[in-house]
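Please read the structure below before turning to the comments.
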Amino acid sequence: MVENVVHEERMSNLHYLLQLCAKTRSSVGGRACHAQIIRVGWEMDVLTSNMLINLYSKCSLVDSARKKFNEMPVKSLVSWNTMIGALTQNDEDQEEALTLLIQMQREGTPFNEFTISSVLCKCAFKCAILECMQLHAFSIKAAIDSNCFVGTALLHVYAKCSSIKYASQIFDSMPERNAVTWSSMMAGYVQNGFHEETLLLFHNAQLMGLEQDPFMISSAVSACAGLATLVEGKQLHAISHKSGSGSNIYVSSSLIDMYAKCGCIREAYLVFQGVMEVRSIVLWNAMISGFARHAYAPEAMVLFEKMQQRGFFPDEVTYVSVLNACSHMGLYEEGQKYFDLMVRQHKLSPSVLHYSCMVDILGRAGLVHKAYELIERMPFYATSSMWGSLLASCRVYGNIELAEIAANHLFEMEPNNAGNHILLANVYAANKKWDEVARARKLLRENDLKKERGTSWIEIRNKIHSFTVGERNHPQMDEIYAKLDDLVVELKKLNYKVDTDNDLHDVEESRKQMLLRHHSEKLAITFGLMCLPSGIPIRIMKNLRICGDCHIFMKLMSKFTSREIIVRDTNRFHHFKDGFCSCREFW
DNA sequence: TTAGGGTTAG
């Protein structure tokens, strides 16, 4: 009797120690516990063995966990689940976790909700949708699909595999959801580009009284970055401070990105300064990418040096960002230097994205033949963006031969993209090849190809106002057009002349001028001037590249109104101030 | 004693 009490007490002390070591991930303590277990002859005890497997798993000692598991003469369901968990949490092979699941069933141990949610974790990592569907079917059959962990893991995998419809169906049908379920669904939406749905879910979670944890906040901030909604982004920034998530690296990096994508590079840098001491390369990458987006190449390069002085090694993302910065400012030599540094010093393999940046850098620098050679010799198939970049460069530098090669590739890859036909026609027009221009126009008409309609939007007091070229639907349209007419009169006094050179609309000159005058960004800036108090910058987003005429218009407008104007087009940001643009005419 | 979630490129 006394012996039993002593035995149980010792056992419980040892179990407590095992738990402590697992919690603190102490492998030294864990090994000492294991030695003690062998000394007292408890290595066959199932509970003790399970705890040892768990401990080794938490210490990332998967081989030791596997050895212990294989040595067990009798295994419980928890033994199998813990071993599967060890494999899924330690980046081990997905196949092994699945094999164990099959093996445990063969050996007569039915799986439970713990088993399925663990194995699903691995499917998410590998984007294995077929396996996920099978596990989904298994869980329905075993009546565990309504379990919160299983449901959350399932929706996470479906979202990771881009099956957002399945993910949201599971979310809607779950009888019980917790914070992890909500944040998984938000992450699923934002990663698949469903930004509005992400924010809607975030608001619903708020209404449900759920605590705003950093997981939810980082997804919601990313959604604001995607939508470029500054007001809501700022509100989330305040929420992150209030809820104690302000210094969380995921929240901080998404805030840096959000501010940069909303045109507020200074605010992005302020967030970065507050967290730059935290050891995370993502924070540096987010800031460098922000500078690149705004064509602040010198700042991006300084930060690139600074990060290395602080002991960070640039990774693939860092290099995409610095190369982009070089591309936006036409810095060919610097771009080449970074590309070589990436390969030689940091031993990184350039991806298709890095080659894409280099094609852009070479083309923009006028080295279109070198750009083409690079496309020909790189170890990847060229993407449509590469051919598009080459075609755009050929237009600027008047190379018809290469323009036709690039265009033919694009026509094959994107047969319905009218922009490519227009770009080629513009190359012919610039070289006065009027027969070819006519042929390209005919092709556009015959195939009924239409260019994406230019749309610009501006956020005024938490409301997005959107304008398309020649907009008629906005309630204040008459006032906007009248104000725009007045502004054009004023700008003409500053030598503004409508530039129709780069416009290929199949219309006469006077109509061309009218269409240009009513480009969406001009309507948005006029509305911004009408609504926003003087002194604060005006931020406009556009779905296409800003045209040459609008670029001149914005420069003069910034001078005439003494306002800072920030325009985001598909490519980058333009900061207009005192009659100049930050891009220095390079875009 | 065992399970599920987030950030930066494009």
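Naming convention: chains lettered A, B, ... in sequence-line order (proteins, then strands); numbering from 1 in each chain.
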Salt bridge (Lys or Arg N to Asp or Glu O under 4.0 Å) partners for [X], two or more places apart:
| X | answer |
| --- | --- |
| A:Arg279 | none |
| A:Arg568 | none |
| A:Arg25 | none |
| A:Asp340 | none |

For DNA chain B, which nucleotides open and close the run of contacts to chain A, 5' to 3', at under 4.0 angstrom from a non-hydrogen atom?
B:dT1 to B:dG10
Do any pairs count as a ring-ring contact (aromatic ring centres under 6.0 Å, His included) and have a residue in residues 245-279 of chain A, sequence neighbours left out, and if so which ones?
A:His237-A:Tyr259, A:Tyr269-A:Phe272, A:Tyr269-A:Phe291, A:Phe272-A:Trp284
Pairs satisfying ring-ring contact (aromatic ring centres under 6.0 Å, His included), at least one member in residues 66-86 of chain A, at least two apart
A:Phe69-A:Trp80
Give a yes/no verdict on a cation-pi contact between A:Lys122 and A:Phe125, requiring under 6.0 Å between NZ or CZ and the six-membered ring centre and an angle within 45° of the axis.
yes
Stacked cation flag A:Arg364 on A:Tyr332, 6.0 angstrom / 45 deg:
no
May I have the step-by-step check of side chain to side chain donor-acceptor pair (under 3.5 Å) for A:His203 and A:Glu232, ending in yes or no?
CA-CA 11 Å; A:His203 294 142; A:Glu232 191 148 19; 2.8 Å; yes
Under 3.5 Å, is there a donor-acceptor pair between the [X] and [Y] side chains?
| X | Y | answer |
| --- | --- | --- |
| A:Ser243 | A:Gln212 | no |
| A:Ser321 | A:Asn324 | no |
| A:Ser184 | A:Thr181 | no |

With sequence neighbours excluded, tell me which residues meet side chain to side chain contact (heavy atoms under 4.5 Å, CB included) with A:Ala382.
A:Ile375, A:Met378, A:Met386, A:Trp387
[X] near the nucleic acid: base, sugar-phosphate alone, or nothing, with a heavy-atom cut-off under 4.0 Å?
| X | result |
| --- | --- |
| A:Thr82 | sugar-phosphate |
| A:Glu316 | nothing |
| A:Arg177 | nothing |
| A:Ala22 | nothing |
| A:Ser321 | sugar-phosphate |

Looking at [range], who's got a heavy atom less than 4.0 Å off DNA chain B?
| range | result |
| --- | --- |
| residues 205-229 of chain A | A:Asp213, A:Pro214, A:Phe215, A:Ser218, A:Ser222 |
| residues 265-275 of chain A | none |
| residues 135-163 of chain A | A:Asn147, A:Cys148, A:Phe149, A:Thr152, A:His156, A:Lys160 |
| residues 334-342 of chain A | none |

Would you please indicate yes or no on a ring centroid separation below 6.0 angstrom for A:Tyr166 and A:Phe171?
no
Checking side chain to side chain donor-acceptor pair (under 3.5 Å) for the pair A:Asn112/A:Thr115: CA distance, chi angles, key distance, verdict?
CA-CA 5 Å; A:Asn112 69 356; A:Thr115 336; 3.0 Å; yes
